[in-house]
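Note that the structure is predicted; figures quoted are calculated from it, not measured.
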Amino acid sequence: MTTVLPHGSNPSSQPVLPKTGERNILITSALPYCNNVPHLGTLIGCVLSADVFARYSRLRGYNTVYICGTDEYGTATEQKARAENLTPPELCQKYGEIHRQCYDWFNISFDHFGHTATPKQTEIAQEIFLRLFDQGLLEEKETEQLFCQTCDRFLADRFVEGECPHCHHPNARGDQCDVCSKLLSPTELLHPRCQVHSEITPALRSSNHLYLNLTKLTPQVEQLFNEKKETWTKNTCDTTRAWLKEGLRPRCITRDLKWGTPVPLERFHDKVFYVWFDAPIGYLSITAEYTDQWRKWWQQTNDTTVKLYQFLGKDNIPFHTIIFPATLIGADDNYNLLDYCSTTEYINYEGGKFSKSQGTGVFGDQVQQTGIPSYVWRFYLLNSRPEKSDSIFTWDDFQAKNNNELLANIGNYCHRGISFTNRFFDHQVPDSDSSLHPDDQRLFDDLSSLQTEYIQALEQVHLKEGLKIVLKFSTRCNKYFQDSQVWALVKEESTRPRASQICYWIIQGIANISLLLEPFLPGFCAQLRAQLNCPVWKLTETFTPLLEPGHRIGESKPLVQKITDDQITTWREQFGGTKNKE
Ligand SMILES: [Zn+2]
Ligand SMILES: [Zn+2]
């Protein structure tokens, strides 16, 4: 059997680069804003989903790189910095560290986790901008902007508040209304006011801005959609189709702000790029921080092919399927475009939305306080991954998934199987007979077809389905264990040879679970492998026994504990949940 290194990410200090003749997989997850603490929705939507795929991809032996980092520019960051009496870089430093710790705890295997406020970002974003400019894809327009005389600046996006023109919510932000979700521009707000000086009614002043002409790029964006839609999730396609149907309009890519990437044209020296033009370029600049040879990952060459997989939440779809590809297509420099797009819906917290300010919900930095291992959280989140509609996190569901699935199915099977082998076969994988017993043949056939289904699901990035198949795999192994009555057979001299065969297959089931579950629960699998005393094998398309007869295995220890009613009552009090009364 081929083994691969336990991973995390690439163990060598050399960056991974695309290789000729290999399957080169570039994975990104949406760059989390670094002005807040990530909650469970951020985790499942972006980093955790991408991590599962990255781990799967490495396990198959694909040449893989997984890039992410915090998104630092934008008015939301500036605003939060002001509220915390910090400069934007200080704020980014503070929250960037919280993000890092949280992703570490969740065992996320980035090859590089960077950030966007860097010289590389300036260099690459400006390069792309200038190419768009040279291609005649940028147009200048004079616009009326709100200006606060007390602040002495234009009020972009979130620096202005007012009444929503659609639903009349009195406190809509300049970029979006939180109540009706409509995207807004500040001048559309009724009764606008400066976000800092609420008593000030800002005045209109003219300012010149640059617009990316998406209308001109429509045919190429449509072509991309038609070529790739089979490998984009349904929600990705629906939103993209709706945007294309409505028609792409030129979109303003500059802002009158200081915190951002400067626009490299003399007449626009006091402006920066709009964060939604700038942020996706962060994928490139973060890769450039990882390796000088970042262009090998992001630009097509004659001798290597790279497939780009992007993971995001549904609010980010148009930026990834329309605006960012249009930017790269327009820059006309052979950029690799999105191949697979996996978009999640939202996860809500029982009885409401996650809100740090209101103390509702479990956040990335708090999950550790529950004392529950991160692999249980990963199991819950991946098992409830909101793929087709929003889902709700409830403590009852968390308890049920742990107790009835992870513990009752996988945890118990592995623990029982290893304990049984240790007790009756002296810590050794027993001998199997070369001729397969019909029960073993049936088990072999069933596990083989489940493994095939698993590979098909994961190749298509159907992560939740992949995890469900591992559960089915374990259910099938459990049934084999139970039906065999091996604990009775092992005690009689005449049936002991049969017990030995059964035990051989029980152990192979556990070894294979440690492999199939690895992308989902690497922490769990590492401990399971320590008990089995085995390496990480390369994941093949077909089911194979992994451990030789005579292989010595270690001590067995339960890896999953039951979650009690008292525990969830405590957490509900601590994190402000509401039990659903039906
Ligand atoms: Zn003001
Ligand atoms: Zn509204």
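- At a cut-off of 3.5 Å, with distance as the only test, no side-chain donor of Arg385 or Thr344 sits close to an acceptor on the other residue.
- Without hydrogens or angle criteria, Asn402 side chain to Gln561 main chain gives a donor-acceptor distance under 3.5 Å.
- The aromatic rings of Trp571 and Phe398 stand perpendicular to each other, their planes meeting at an angle above 60°, with 30° marking the opposite boundary.
- For Arg158 (side chain) and Thr75 (main-chain N/O), no donor-acceptor pair under 3.5 Å exists by modelled atom type.
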query: Where do Glu541 and Arg60 land on the side-chain contact (heavy atoms from CB on, under 4.5 Å) test, with the steps shown first?
result: CA-CA 9 Å; Glu541 292 195 13; Arg60 293 302 308 279; 3.2 Å; yes
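- Remark: side-chain polar atoms of Glu387 are paired, donor with acceptor, to backbone N or O of Lys464 under 3.5 angstrom.
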query: Between Arg572 and Thr394, does a side chain to side chain donor-acceptor pair (under 3.5 Å) hold up when you go through it step by step?
result: CA-CA 9 Å; Arg572 204 170 252 137; Thr394 71; 5.7 Å; no
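- For the pair Leu381 and Phe106, the minimum side-chain heavy-atom distance is below 4.5 Å.
- A ring-ring contact (aromatic ring centres under 6.0 Å, His included) with His320 is found for one member of Phe311, Trp232, Phe225, Tyr283 and no other, namely Tyr283.
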task: Take Tyr62 and Arg58 through the test side chain to side chain donor-acceptor pair (under 3.5 Å) and record every step on the way to the result.
output: CA-CA 5 Å; Tyr62 304 153; Arg58 294 186 196 109; over 6 Å; no
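- For the atom pair Leu521 CG and Ile410 CD1, the distance stands at 7.0 Å (nearest 0.5 Å).
- We find that Arg23 and Glu459 are joined by a salt bridge, their nearest charged nitrogen and carboxylate oxygen being less than 4.0 Å apart.
- Annotation: the span from Asp365 atom CG to Ile98 atom CD1 amounts to 6.0 Å, rounded to 0.5 Å.
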- prompt: Run the side chain to side chain donor-acceptor pair (under 3.5 Å) check on Gln460 and Tyr340 step by step: do they pass?
  reply: CA-CA 9 Å; Gln460 298 300 317; Tyr340 282 75; 4.8 Å; no
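- A heavy-atom distance below 4.5 Å is found between the side chains of Cys177 and Leu184.
- Here the straight-line distance linking atom CG of Leu382 with atom CD1 of Ile44 works out to 4.5 Å at 0.5 Å rounding.
- Of the N and O atoms on the side chains of Thr236 and Thr233, at least one donor lies less than 3.5 Å from an acceptor on the other residue.
- With a 4.5 Å cut-off on side-chain heavy atoms, Lys479 and Thr475 do not count as touching.
- Atom CG of Leu559 sits about 5.0 Å away from atom CZ of Phe524, to the nearest 0.5 Å.
- Asp390 places no side-chain N or O within 3.5 Å of a backbone atom of Ile347 that could act as its donor or acceptor partner.
- Each of Lys401, Glu405, Arg378 was checked for a side-chain hydrogen bond (donor to acceptor under 3.5 Å, both in side chains) with Asn383, and the lone residue meeting it is Glu405.
- Residues Arg249 and Leu214 form no side-chain contact, since every pair of their non-hydrogen atoms from C-beta on lies 4.5 Å or further apart.
- Panel note: side chain Thr370, backbone Val367; a donor-acceptor pair is recorded below 3.5 Å.
- Within the 3.5 Å criterion, the main-chain N or O of Tyr33 finds a donor-acceptor partner in the side chain of His99.
- Aromatic ring centroids of Phe520 and Phe379 lie 6.0 Å or more apart.
- One distance of note links CG of Leu328 with CG of Leu284; it measures 6.5 Å at 0.5 Å rounding.
- By the 30° and 60° cut-offs, the orientation of the rings of Tyr66 relative to Phe110 is tilted.
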- request: Quick one: do Asp445 and Arg442 satisfy salt bridge (charged side-chain N to carboxylate O under 4.0 Å, His left out)? Show the steps, please.
  value: CA-CA 5 Å; Asp445 293 345; Arg442 269 193 296 278; over 6 Å; no
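- Judged by distance alone, the side chains of Gln299 and Asn336 never bring a donor and an acceptor atom under 3.5 Å apart.
- A donor-acceptor pair is defined here as one N or O able to donate and one able to accept, closer than 3.5 Å; such a pair exists between the side chain of Thr540 and the backbone of Thr542.
- Summarising the geometry, atom CG belonging to Leu26 is positioned 15.0 Å from atom NZ belonging to Lys296; distances are rounded to the nearest 0.5 Å.
- The number of heavy atoms from other shown groups lying within 6.0 Å of NZ (Lys468) is above 12.
- In this structure, the side chains of Phe393 and Asn348 stay at 4.5 Å or more apart for every pair of heavy atoms.
- Counting only heavy atoms from C-beta outward, the side chains of Thr116 and Cys34 never approach each other to under 4.5 Å.
- Side-chain contact between Leu516 and Phe473: present, with at least one pair of heavy atoms (C-beta onward) separated by less than 4.5 Å.
- Judged by the 6.0 Å distance and 45° axis criteria, Arg100 is not positioned over the aromatic ring of Phe113.
- The closest side-chain donor-acceptor pair between Gln121 and Ser285 falls under 3.5 angstrom.
- The ring-ring contact (aromatic ring centres under 6.0 Å, His included) test with Phe319 singles out one residue from Phe277, Tyr274, Trp276, Phe324, and that residue is Trp276.
- Side-chain polar atoms of Gln574 and Gln369 form a donor-acceptor pair below 3.5 angstrom.
- Remark: the Ser474 side chain and the Asn409 side chain contain an N/O donor-acceptor pair separated by less than 3.5 Å.
- Formation of a donor-acceptor pair under 3.5 Å by the Thr343 side chain with backbone atoms of Lys314 is not found in this model.
- At least one donor-acceptor pair closer than 3.5 Å links the side chain of Thr77 to the backbone N or O of Glu72.
- Pro522 pairs in a side-chain contact (heavy atoms from CB on, under 4.5 Å) with only one of the listed residues (Asn107, Ile108, Leu59), which is Asn107.
- Counting only heavy atoms from C-beta outward, the side chains of Tyr380 and Leu40 never approach each other to under 4.5 Å.
- No side-chain donor-acceptor contact under 3.5 Å links Thr28 to the backbone of Gln310.
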- request: Could you go through the salt bridge (charged side-chain N to carboxylate O under 4.0 Å, His left out) check for Asp157 and Arg173 one step at a time?
  value: CA-CA 7 Å; Asp157 308 326; Arg173 297 191 316 257; over 6 Å; no
Residues Asp51, Ser109; criterion side chain to side chain donor-acceptor pair (under 3.5 Å); working and verdict: CA-CA 6 Å; Asp51 182 62; Ser109 63; 2.6 Å; yes
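- Considering all non-hydrogen atoms of both residues, Thr564 and Gln567 come closest at N-OE1, 2.9 Å.
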